[in-house]
Amino acid sequence: MTDNNDPLRDLWQQQEVVKFDLAKLKKQWRKIRYKQYFYILLDLAPVLAMPFLLWFFYSEVERLVFISLVVICIIGTGFSAYVIWLRRFTFQAKFESTSNYLTSIARQYKQNIKIAQAAKYSTIAIPPIFIVMYGGFYLADTFEWERLLRKVLYSGLVLAISLPIMWIWASRRIDKFRTELIKLEEQMK
């Protein structure tokens with residue numbers, strides 16, 4: 001007779017299996033999904049307000065200023081569309097098993113990293129846009145010198161305060177989601 005005590009089989013039977021609490025995963029996914037809906041509303045609000053802003057300013061501002069506003073609105077709409085596109089996995093997820101929940105959460109963390117990176121790098125793109133815009137105003141003699149200088153100083157002050165804060169916030173978001181993703185991927189192994 002053969003001995004049924006195979007050491008490898010016994011070792012395999014003794015290994016601990018990581019068990020996921022499905023209720024906790026569902027709750028975590030629901031929280032992620034609600035946040036994504038809220039963020040989409042925040043992304044869409046300025047885009048939906050832009051036509052009203054342009055309509056209001058159409059007769060109030062000079063032609064070059066209006067064209068600048070249109071260009072900024074187009075850039076803002078493109079950026080919002082990109083961010084909303086990155087959030088798309090939240091709405092395409094299908095759940096038949098625990099692994100689907102885990103995969104969806106990991107995928108959304110990866111997308112959140114990309115969204116935070118886009119926000120971070122937009123802080124680099126914003127100052128040149130303002131420089132080009134105000135340079136155009138100067139060359140076209142749109143505003144008298146004192147008024148243009150005041151606008152440049154106020155805009156520069158707002159950008160000098162808000163952009164570093166946005167950079168730090170986005171960097172922290174990237175770190176947070178990378179950490180969460182690493183933890184989740186380690187649990188999935």
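These numbers come from the heavy atoms of this one structure, side chains and all, not from hydrogens, waters or symmetry mates. It should be emphasised that the depicted structure is a prediction, and the values quoted were computed from it without experimental measurement.
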Quick one: NZ on Lys35 to CD1 on Ile40, what's the gap to the nearest 0.5 Å? 14.5 Å
When clusters are formed by joining ILVMFWY residues with side-chain heavy atoms under 4.5 Å apart, either directly or through shared neighbours, do Phe56 and Ile74 land in the same one? yes
Rounded to the nearest 0.5 Å, how far does CD of Glu185 lie from CD1 of Ile105? 12.5 Å
Close side-chain approach of Arg107 and Lys110, heavy atoms under 4.5 Å: no
Would you mind reporting whether Met50 and Ile72 have side-chain heavy atoms less than 4.5 Å apart? no
Say whether Leu54 and Phe57 are linked into one hydrophobic cluster, either directly or through other cluster members, by side-chain heavy-atom distances under 4.5 angstrom. yes
Within one Ile-Leu-Val-Met-Phe-Trp-Tyr cluster: Phe38 and Ile84, side-chain cutoff 4.5 Å: no
From the list Val158, Leu159, Ile165, side chain to side chain contact (heavy atoms under 4.5 Å, CB included) partner of Ile161 resolves to Ile165
Do you know the tightest heavy-atom contact between Trp169 and Ala119? CZ3-CB, 4.3 Å
Return the set of residues passing salt bridge (charged side-chain N to carboxylate O under 4.0 Å, His left out) with Arg87 (not counting sequence neighbours), or none when no residue passes. Asp43
Quick check on side chain to side chain contact (heavy atoms under 4.5 Å, CB included): which of Ile182, Leu184, Thr179 does Tyr109 satisfy it with? Leu184
Write down the atom of Leu64, the atom of Ala140, and the distance for their closest heavy-atom approach. CD2-CB, 3.3 Å
Distance (rounded to the nearest 0.5 Å) between Ile32 CD1 and Ser104 OG: 9.0 Å
Can you tell me how far OG of Ser171 sits from CE of Met166, rounded to the nearest 0.5 angstrom? 11.0 Å
When you measure from the side chain of Ser80 to the backbone of Thr77, do you find a donor-acceptor pair of N or O atoms at a distance under 3.5 Å? no
Please collect all salt bridge (Lys or Arg N to Asp or Glu O under 4.0 Å) contacts where either partner lies in residues 160-183, sequence neighbours excluded, each pair once. Glu180-Lys183
Is Leu53 reachable from Val65 through a run of hydrophobic residues whose side-chain heavy atoms are each under 4.5 Å from the next? yes
Within 45 degrees of the ring normal and closer than 6.0 Å to the centroid, is that where the cationic atom of Lys151 sits relative to Phe137? no
How close do Pro51 and Leu48 get, heavy atom to heavy atom, and via which atoms? CD-O, 3.3 Å
Identify whether Tyr154 and Leu148 are in the same connected component of the hydrophobic contact network (ILVMFWY, side-chain heavy atoms under 4.5 Å). no
Interatomic spacing from CD1 in Ile115 to OH in Tyr82 - rounded to 0.5 Å: 8.5 Å
Does Arg150 reach the side chain of Arg147, with side-chain heavy atoms less than 4.5 Å apart? yes
Among pairs that include at least one residue of residues 133-145, which meet side chain to side chain donor-acceptor pair (under 3.5 Å), considering only residues two or more places apart or in two chains? Tyr134-Ser155
Smallest heavy-atom separation, Leu86 atom then Gln108 atom, equals O-NE2, 4.4 Å
Would you indicate whether the side-chain heavy atoms of Ile124 and Trp167 approach each other to under 4.5 Å? yes
For the residue pair Tyr58 and Phe66, is the inter-centroid distance of their aromatic rings smaller than 6.0 Å? yes
Phe130 CZ to Leu163 CG distance, which is reported to the nearest 0.5 Å: 8.5 Å
Between Phe79 and Ser122 the two heavy atoms that sit nearest each other are CE1-CB, 4.3 Å
